[in-house]
Amino acid sequence: SQIDVYLAKSLAEKLYLFQYPVRPASMTYDDIPHLSAKIKPKQQKVELEMAIDTLNPNYCRSKGEQIALNVDGACADETNTYSSKLMDKQTFCSSQTTSNTSRYAAALYRQGELHLTPLHGILQLRPSFSYLDKADAKHREREAANEAGDSSQDEAEEDVKQITVRFSRPESEQARQRRVQSYEFLQKKHAEEPWVHLHYYGLRVSWGPWAARTLASVGSWERSPSYLMMLMPPSQEEEKDKPVAPSNVLSMAQLRTLPLADQIKILMKNVKVMPFANLMSLLGPSVDSVAVLRGIQKVAMLVQGNWVVKSDILYPKDSSSPHSGVPAEVLCRGRDFVMWKFTQSRWVVRKEVAAVTKLCTEDVKDFLEHMAVVRINKGWEFILPYDGEFIKKHPDVVQRQNMLWIGIQAKLEKVYNLVKEAMPKKPDGQSGPVGLVSGDQRVQVAKRQAQQNHALLERELQQRKEQLQASAVLPGVRIKEEPMSEEGEDEEEPMDTSPGGGLHGGLANGLPAVRAAGGDSFNGHPPSGSAGTLVARELRAFVQATFQKQFVLTLSELKRLFNLHLASLPPGHMLFSGISDRMLQDTVLAAGCKQILVPFPPQTAASPDEQKVFALWESGDISDQHRQVLLEIFSKNYRVRRNMIQARLTQECGEDLSKQEVDKVLKDCCVSYGGMWYLKGTVQS
């Protein structure tokens, strides 16, 4: 059946919606006497005075008398707020809930017709406690009167005071605009608007039915098929300011007004991982599944039969990590590596991911928390079960995703120097449910493997020593370094000791294995010939550029910066080969830096790499001599006070240094903690 809709105009500019505080269902505000009502139309501000039932057993009479006494005092006066010496009324003040009410209307349905009247304002009423301000004001007045009375007994007349007269300058246009836009001026203008007193009519009085008839007045309505457009005209300002899609808060009603592709993108960006069946249920039964399949492949990848949002959706171009500051391209590569690992297995070890991607712990944890949950003594498990039903139902989609994963795998092999491996035999390219292996079993497997390879490792070590002694060039590639683990994580995520190494036999100790035919170096033994010279030159350029910015670095911090530098390099760069800590230190010393033997306290918690401190000795600027004196101070002292540093600089440099010069030297090399100064990287908080 059809219902005629009418747009009434009798109360179009006068109809307000009041929102009262919540009360029990058995008690309505119409039952409470409204003593007075007033409004400021321009501000749409309303004040209502409502009676309080002082005979109610829940009313505390002594408290009401005390409040009235504090507000009005003991003397009866016409200006008293509570004339009955009892708090018998309460004031409610309004505030606007929304600035644009053009999309709201009051509706009246009668005799098969729907009558709509636009609302002029929506006001939310809250209790006003202005009587407390009156009580404080009267208390201050009484105290001032008492003090004035005491002092006037001893004074015959007031002292003559000198008055200074000033003439104000003519106000400029800019000053006038600032004054008009100031908060004080606006408050004054609001206070100047007069109150318009109203008469309140409840539902049970004769005016109520008349208002209901006015909402459906026959002489003031228009019958319009486009009533929705008239009631809710599109606002140009709203359309301009409205975002393309909600970013962090999802409203399903608002979401379904967007195109299907935007709906899928927003859902996947917020949920991160979702089975296809759940996605269809969120989009609604009327949505075509073929269209959804076409759209989901643009924003997500198939992992174990479930859809995981693509990395470039979460990390768009020109963005960076909030933790480490690495660019979005590096983050996308690292997250793609995690997703690819989950296509191979239900489990992923965080240390292995950090060792391969060379990203900080916080970034790696973000990747894993998007799609996995941590299990004690096992690692990170994919968050959703294997969806075999989707795999069987959509083999064409699975095959297409399999081809995409092959391409991603090839890219990861080049970037991270992984050993190429065949994808799983399953046609979908996704690993199915696998059996769980306990931590003890993995340790036993690792022990057996270590015993079998002991002799081979000894021979390789001897070969590396011989090659290192025979080499005359300084190579440089990736630093051999185990990623630092957070406190307590060693219990949750054991080292991957499954047969074949950490990355399906392609990694040893977290670093890429060597391809014998390629002639690449492994774990720091140098390449020979011109290749080694180029690598040494690249490594030295990195060290020099780094120390020109930092001046003082520990070996631990230098290795971290080098790993970040490696992660930002393009695939196939010459620095992707292998370098030891010793080689990196030799490069630092050859680049004009010196090692500062800082006397750390015996109980220090600093690691050996954190106790190795290097500093740029000569940078070519006028502060070189000042920095050298400062570094000599810290070669004999772990921490120093500022006055000692300034005195030593003045003594050695033979001049009275300014505060700015001392501040520059300290900023280049030191940090302040607890009133003392330390070399950068050496303070133990």
Nearest 0.5 angstrom please: [X] [atom1] to [Y] [atom2], how far?
X    : Y    : atom1 : atom2 : result
L123 : I39  : CG    : CD1   : 6.5 Å
Q263 : M268 : CD    : CE    : 14.0 Å
Y16  : L119 : OH    : CG    : 10.5 Å
T361 : L368 : OG1   : CG    : 11.0 Å
K45  : S94  : NZ    : OG    : 7.5 Å
C93  : Q124 : SG    : CD    : 13.0 Å

**Asked** Going by the angle between their ring planes, with limits at 30° and 60°, are F18 and Y20 parallel, tilted or perpendicular?
**Response** perpendicular

Would you say [X] has more than 12 foreign heavy atoms packed within less than 6.0 Å of its [atom1]?
X    : atom1 : result
K310 : NZ    : yes
E113 : CD    : yes
K392 : NZ    : no

**Prompt:** Should the pair R375-E381 be classified as a salt bridge under the 4.0 Å nitrogen-to-oxygen rule?
**Reply:** yes

**Request:** Could you tell me whether R61 and E65 have a side-chain N and a carboxylate O separated by less than 4.0 Å?
**Result:**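 Salt bridge flag = yes for E65 with R61.
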
**Residues that P327 engages under side-chain contact (heavy atoms from CB on, under 4.5 Å), provided they are two or more places apart** = V330

**Item:** Exam field: side chain Q90 to backbone P127, donor-acceptor pair closer than 3.5 Å
**Value:** no

**Asked** Between E193 and K189, is there a donor-acceptor pair closer than 3.5 Å when you use the side chain of the first and the backbone of the second?
**Response** no

Quick one, [X] and [Y] - any side-chain contact, counting heavy atoms below 4.5 Å?
X    : Y    : result
F367 : L359 : yes
L7   : P118 : yes
T343 : L302 : no
F276 : K393 : no
F382 : V308 : yes
K272 : L314 : yes
K38  : H197 : yes
W307 : M301 : no

To check you understand the geometry: which heavy-atom pair defines the closest contact between [X] and [Y], and what is its length?
X    : Y    : answer
W405 : V303 : CZ2-CG2, 3.8 Å
D88  : Y82  : OD1-CD2, 3.8 Å
I313 : V299 : CG1-O, 4.0 Å
D387 : I391 : O-CG1, 3.2 Å
G325 : S320 : O-CB, 3.8 Å
L86  : A68  : N-CB, 3.6 Å

**Request:** Test side-chain contact (heavy atoms from CB on, under 4.5 Å) on Q401 and Q297 and set out the steps.
**Result:** CA-CA 8 Å; Q401 290 290 308; Q297 295 182 68; 3.7 Å; yes

**Request:** Go through the steps to decide whether H323 and D366 satisfy the test side-chain contact (heavy atoms from CB on, under 4.5 Å), and finish with yes or no.
**Result:** CA-CA 10 Å; H323 306 296; D366 283 350; 2.8 Å; yes

**Candidate list H370, R335, R333, test side-chain hydrogen bond (donor to acceptor under 3.5 Å, both in side chains), partner S311, passing option** =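 Passing option: R335.
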
**Residue pair I264, L283: steps toward the side-chain contact (heavy atoms from CB on, under 4.5 Å) verdict** = CA-CA 8 Å; I264 297 173; L283 295 175; 4.1 Å; yes

